[in-house]
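Heads up: the structure comes next, in structure tokens.
Position 1 is the first residue of the sequence; numbering continues from there. Keep in mind the model is a prediction, meaning the values are calculated, not measured.
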Amino acid sequence: MRGRVLVVAGSDSGGGAGIQADIKTIMALGGYAMTAITALTAQNTTGVHGIHPVPPDFVARQMVLCLEDLGADVIKTGMLNTSVVALAVADVIERLAPDVPLVVDPVMVAKGGAALLSDTATRVVIERLLPRAALLTPNVPEAEVLLGEAISDEDGMVDAASRLLSLGPAAILLKGGHLDGGTVTDILATREGVLRFSGPRLPITNTHGTGCTLASAIACGLAQRMDLPAAVVRSRWYVARAIAT
């Protein structure tokens, strides 16, 4: 196996998203997954029915033990839930892994509508994690929250992705699956320019966990020393195959 990825995220008891999806994805792509669980959720395919936060000091302890013993080639964050957890995660990264590439998936709202990131935690993510992120992977609703305005089409996505760079990440992958149309386009923006990745929308509604899966697949690719565009291409292929099957 190549590529050690430390995932800091919530657990999905239904196995479709969160830590469970992260582990499955990283292992399927030949990487090694470690975890620091930030919250336990009671959920299935119908939605999130309960959230039990993990104490921030215990979240930090999971991270510290993994980093000091096993090390990490990439850290990926998902559901952080509360500001105290987000602060604890940021503190550990700054202290023990300041040079480890960071992929931030700003998990804010579950598909069923349950809030997964508080407003104060969002502020911590913006101020403490985004400036050190190698990649930020918002979907359109998450980007709208981060920017405070609506995104209605692909041109708006390009503009939004470029402006999200001002928050500090080295790169933005803005995912277009929430927009209407038969084609799904994701926008990769860096300070060198913009790339568009497009593919047909699959006529399937079972897409729970695709955001977690995509971000973890990219994190695994970066941990395996793929360049970012190549990691995005492989990850989009993997997610498309997962949805189709």
Exercise for review: Please report the C-alpha distance between V5 and D73 in whole Å, then the side-chain angles of each, then the deciding distance to 0.1 Å, and finally whether the side chain to side chain contact (heavy atoms under 4.5 Å, CB included) criterion is met.
Suggested key: CA-CA 6 Å; V5 182; D73 299 302; over 6 Å; no
**Study point:** Full working for side chain to side chain contact (heavy atoms under 4.5 Å, CB included) between I93 and V89
**Key:** CA-CA 6 Å; I93 292 173; V89 170; 3.9 Å; yes
**Study point:** Partner of D105 by side chain to side chain donor-acceptor pair (under 3.5 Å), out of T137, T213, N139, T77
**Key:** T137
Check your understanding: Hey, is the main chain of A90 close enough, under 3.5 Å, to the side chain of R95 for a donor-acceptor pair?
Key -> no
Practice item. Ignoring hydrogens and angles, tell me if any N or O in the side chain of R2 forms a donor-acceptor pair with the backbone of G31 under 3.5 Å. Key: no
**Study point:** Any donor-acceptor pair under 3.5 Å from T41 side chain to S11 backbone
**Key:** yes
Point to revise | Ion pair check, R128 and D91, cut-off under 4.0 Å | key: yes
Review point. Backbone N or O of I151 within a donor-acceptor pair of the E144 side chain at under 3.5 Å?
Key: yes
**Study point:** Pairwise side-chain contact, V7 with I26, heavy-atom cut-off 4.5 Å (strictly under)
**Key:** yes
Review point. Does P138 reach the side chain of L164, with side-chain heavy atoms less than 4.5 Å apart?
Key: yes
Point to revise | Rounded distance [0.5 Å steps], CG in L228 versus OG1 in T190 | key: 8.0 Å
Point to revise | D57/R61 salt bridge by N-O under 4.0 Å criterion | key: no
Practice item. Calculate, to the nearest 0.5 Å, the distance between atoms CZ and OG belonging to R123 and S83 respectively. Key: 12.5 Å
Practice item. I would like to know whether Q224 and R4 meet side-chain hydrogen bond (donor to acceptor under 3.5 Å, both in side chains); could you show each step before the answer? Key: CA-CA 8 Å; Q224 294 167 335; R4 301 163 297 168; over 6 Å; no
Review point. Could you state the interatomic distance from OG1 (T38) to CD1 (I19), rounded to the nearest 0.5 Å?
Key: 7.0 Å
**Study point:** Side-chain (K76) to main-chain (C220) donor-acceptor, under 3.5 angstrom
**Key:** no
Study note, to complete from the structure: To the nearest 0.5 Å, atom CG of L136 lies from atom CG of L167 at 8.0 Å
Check your understanding: Do I172 and I75 belong together in a cluster built from hydrophobic side chains that touch within less than 4.5 Å?
Key -> yes
Exercise for review: Check the pair C212, M79 against side chain to side chain contact (heavy atoms under 4.5 Å, CB included), reporting the backbone distance first and the verdict last.
Suggested key: CA-CA 9 Å; C212 302; M79 174 188 177; over 6 Å; no
Exercise for review: For Q62 and T35, run side-chain hydrogen bond (donor to acceptor under 3.5 Å, both in side chains): C-alpha distance rounded to whole Å, both residues' side-chain angles, the deciding distance at 0.1 Å, then the answer.
Suggested key: CA-CA 7 Å; Q62 294 173 79; T35 64; 5.2 Å; no
Check your understanding: Is H49 atom NE2 crowded by more than 12 heavy atoms from other residues, nucleotides or ligands, each under 6.0 Å away?
Key -> yes
Exercise for review: Find out if a path of hydrophobic residues (ILVMFWY) with successive side-chain heavy-atom gaps under 4.5 Å connects L214 to W237.
Suggested key: no
Check your understanding: Got a second to check how far Y238's OH is from T25's OG1, nearest 0.5 Å?
Key -> 4.0 Å
Practice item. Give the C-alpha distance, both sets of side-chain angles, the deciding distance and a yes or no for side chain to side chain contact (heavy atoms under 4.5 Å, CB included) between R236 and R241. Key: CA-CA 9 Å; R236 294 183 84 254; R241 290 293 301 155; over 6 Å; no
Review point. Once you round to the nearest 0.5 Å, how far does CG of D186 lie from CD of E154?
Key: 10.0 Å
Practice item. Answer yes or no: does atom CG of D119 have more than 12 heavy-atom neighbours from other residues, nucleotides or ligands under 6.0 Å? Key: no
Point to revise | Donor-acceptor contact present, side-chain S198 to main-chain T185, <3.5 Å | key: no
